[in-house]
Amino acid sequence: RALTGYLESARPSLARSTSGSVVFLNARGGALSRMTVWKVIRAAAARASVGREVNPHMLRHSFAAHMLERGASLRVVQELLGHADISTTQVYARLDSRYLSEVHRTYHPRG
């Protein structure tokens with residue numbers, strides 16, 4: 001809902017003829033820089049009292065791990081992350097296996 005609201009309401013007022021297909025725009029109609037994204041994430045983490053430094057890569061990593069934990073296929077996660085090689089994405093599958101083992105030990109009657 002938030003993304004749809006942004007695309008329908010906020011983005012059109014920011015867009016310029018040079019904006020192209022960039023989704024998230026700055027106040028001048030250009031693409032958000034990586035530093036701006038970093039600052040937005042850092043500020044949101046501070047407001048949420050996360051208590052440790054948060055960076056874009058942590059969000060990317062969490063996204064992949066949660067997708068796999070909830071049943072997404074490795075190929076889908078590979079495509080969403082933009083990995084050229086599936087072996088890069090398999091790092092997250094190993095994390096997923098450890099998580100599943102822990103859940104099994106904790107909750108299964110014979111775990």
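Keep in mind that the numbers below use all heavy atoms, side chains included, and drop hydrogens, waters and symmetry copies.
- The distance from the CG atom of Leu68 to the CD atom of Gln90 is 10.5 Å, given to the nearest 0.5 Å.
- Around atom CZ of Arg16, more than 12 heavy atoms belonging to other residues, nucleotides or ligands sit under 6.0 Å away.
- Linking ILVMFWY side-chain heavy atoms closer than 4.5 Å, directly or via other members, places Leu80 and Val37 in two distinct hydrophobic clusters.
- Side-chain contact between Leu59 and Ser62 is absent, with no heavy atoms from C-beta onward closer than 4.5 Å.
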**Prompt:** Under the side chain to side chain contact (heavy atoms under 4.5 Å, CB included) criterion, do Leu25 and Leu32 qualify, and how do the steps go?
**Reply:** CA-CA 5 Å; Leu25 303 173; Leu32 288 181; over 6 Å; no
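- Among all heavy-atom pairs drawn from Leu14 and Ala27, the shortest one is CD2-CA, 4.1 Å.
- Every residue meeting the ring-ring contact (aromatic ring centres under 6.0 Å, His included) condition with Tyr6, not counting sequence neighbours, appears here in chain and number order: Phe24.
- Nearest heavy-atom pair across Gln78 and Asp85 is NE2-C, 3.7 Å.
- The closest donor-acceptor contact from the side chain of Asn55 to the backbone of Met58 lies under 3.5 Å.
- For Arg70 (side chain) and Ala65 (main-chain N/O), no donor-acceptor pair under 3.5 Å exists by modelled atom type.
- Sorted by first and then second residue, the side-chain hydrogen bond (donor to acceptor under 3.5 Å, both in side chains) pairs with a member in residues 31-43 read Ser33-Thr36; sequence neighbours excluded.
- Of the possible donor and acceptor atoms, none in the side chain of Ser19 sits under 3.5 Å from a partner among the backbone N and O of Gly30.
- Rounded to the nearest 0.5 Å, atoms CE (Met67) and CG (Leu74) are 11.5 Å apart.
- For the atom pair CZ (Arg11) and CG (Leu3), the distance works out to 11.0 Å, reported to the nearest 0.5 Å.
- For Thr89, the side chain to side chain donor-acceptor pair (under 3.5 Å) criterion is met by His83, not counting sequence neighbours.
- Minimum interatomic distance between Asn26 and Ala31 (heavy atoms only, all atoms of both residues): ND2-O, 3.5 Å.
- Counting heavy atoms from C-beta outward, Val23 and Leu7 have side chains that approach closer than 4.5 Å.
- Residues Phe63 and Val77 have side chains not in contact (no heavy-atom distance under 4.5 Å, counting atoms from C-beta outward).
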